[in-house]
Amino acid sequence: NRIAYVCNDGGIFRATDIRTVTKTTGWTTLNNRLGITQFYGGAVSASARPFGGTQDNGTQQLNLSSTKTFRSIRGADGMKNDADPADWRYLYGEIQWAGVFRSTNAGAKWEEQNFGLPTAIVDDPARQGYYAMAIAPSDPAAIYLAIYARAAPTSPAGWAGWLRLNGARGSTAGHPAASPAATPPL
């Protein structure tokens, strides 16, 4: 008998021959509408479209039709997300291992925005990645990230690059919050 059942935070899966499966092929999902999605964080766009990063299920966006179902708008482990407060088409998200992405068309296509960011690989694997994201309401082109063991960078001038705000290697940037009145808006 080579049948195997595997359970994880993405559901329950069956393989008819465990010797022939790969990470992505040979598995049959047995979830049957089993709802066990774990969200790391979420946001609501200016058009009131909620979306959020999930464990093992990518970044999901709520379909506001009568079905009220989610659709995947980005793969991998979706992490923190945010949306431009004025333009519903601009969405921002992170994936595990420190990937930062931007969509200019409501999640249909994503562009990597890691250029100039420090790596988030640190000595403690449980603390890898970017931990918080905030958009400045007074300047939606300014995105702030909190990174474990790194200073918080900001992205000025429409993602032209990232700048270190403060802190030094080994310091922990907490959870940024953008203030609409402050200059700079953090």
Side-chain angles (χ1 to χ4, degrees), residues 1-84 88-115 117-135 143 145-150 172 175:
N1 186 351
R2 296 182 183 133
I3 295 173
Y5 293 89
V6 174
C7 300
N8 62 29
D9 51 7
I12 183 168
F13 305 89
R14 180 179 188 261
T16 55
D17 186 344
I18 193 64
R19 296 182 312 168
T20 63
V21 298
T22 69
K23 288 182 181 181
T24 58
T25 62
W27 297 97
T28 302
T29 182
L30 302 176
N31 293 335
N32 296 326
R33 300 176 52 95
L34 176 66
I36 57 171
T37 302
Q38 173 188 343
F39 281 86
Y40 284 122
V44 178
S45 69
S47 67
R49 295 181 187 181
F51 69 105
T54 66
Q55 168 69 32
D56 287 340
N57 289 299
T59 299
Q60 304 288 317
Q61 186 176 58
L62 182 62
N63 178 351
L64 295 177
S65 70
S66 61
T67 62
K68 301 287 190 277
T69 57
F70 283 90
R71 71 179 180 105
S72 178
I73 59 174
R74 177 123 189 97
D77 279 354
M79 302 298 277
K80 305 296 190 254
N81 296 275
D82 215 335
D84 187 305
W88 62 272
R89 296 170 298 176
Y90 285 78
L91 307 179
Y92 305 90
E94 306 169 28
I95 62 171
Q96 83 281 19
W97 309 112
V100 179
F101 294 83
R102 174 181 71 168
S103 174
T104 60
N105 54 11
K109 182 178 177 189
W110 293 83
E111 302 167 341
E112 184 176 357
Q113 301 295 325
N114 295 327
F115 315 110
L117 284 175
T119 178
I121 305 272
V122 295
D123 295 334
D124 181 355
R127 294 184 171 167
Q128 308 245 1
Y130 303 134
Y131 288 95
M133 178 183 289
I135 295 177
I143 312 296
L145 295 174
I147 306 172
Y148 177 79
R150 305 286 193 274
T172 300
H175 297 281

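- Residues Gly78 and Tyr40 come closest through the heavy atom pair O-CD1, 2.9 Å.
- At least one donor-acceptor pair under 3.5 Å links the side chain of Trp27 to the backbone N or O of Thr22.
- The two residues Ile135 and Asp82 make their nearest non-hydrogen contact at N-OD2, 3.4 Å.
- Between Ile95 and Asp77 there is no side-chain heavy-atom pair separated by less than 4.5 Å.
- Minimum interatomic distance between Ala43 and Ala83 (heavy atoms only, all atoms of both residues): CB-N, 4.1 Å.
- Side chain of Asn31 to backbone of Thr29: no donor-acceptor contact under 3.5 angstrom is found.
- Using a 4.0 Å cut-off between a side-chain N of Lys or Arg and a carboxylate O of Asp or Glu, Arg102 and Glu111 qualify as a salt bridge.
- Separating the OG atom in Ser103 from the CD1 atom in Ile73 is a distance of 7.0 Å, to the nearest 0.5 Å.
- Rounded to the nearest 0.5 angstrom, Thr69 OG1 and Leu62 CG are separated by 7.5 Å.
- Residues passing the side chain to side chain donor-acceptor pair (under 3.5 Å) test with Asn8, sequence neighbours excluded: none.
- With rounding to the nearest 0.5 Å, the separation of OG1 in Thr54 from CD in Gln38 is 8.5 Å.
- Partners of Asp84 according to the side chain to side chain contact (heavy atoms under 4.5 Å, CB included) rule, which considers only residues two or more places apart in sequence or in another chain, are Ala86, Asp87, Tyr90, Tyr92, Pro140.
- The backbone N or O of Asn105 lies less than 3.5 Å from no partner atom in the side chain of Trp88, so there is not a single donor-acceptor pair.
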Show the atom names and distances, to 0.1 Å, of all donor-acceptor pairs under 3.5 Å that link a side chain in residues 12-20 to residues at least two apart or in another chain.
| from | atom 1 | to | atom 2 | distance (Å) |
| --- | --- | --- | --- | --- |
| Arg14 | NE | Tyr5 | OH | 3.2 |
| Asp17 | OD1 | Arg19 | N | 3.0 |
| Thr20 | OG1 | Asp17 | O | 3.0 |

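- Here the straight-line distance linking atom CZ of Phe39 with atom CD of Gln55 works out to 12.0 Å at 0.5 Å rounding.
- Atoms CD and CZ, from Glu94 and Phe101 in turn, are 10.5 Å apart once rounded to the nearest 0.5 Å.
- Expressed to the nearest 0.5 Å, how far CD of Gln61 lies from CG of Leu91 amounts to 6.5 Å.
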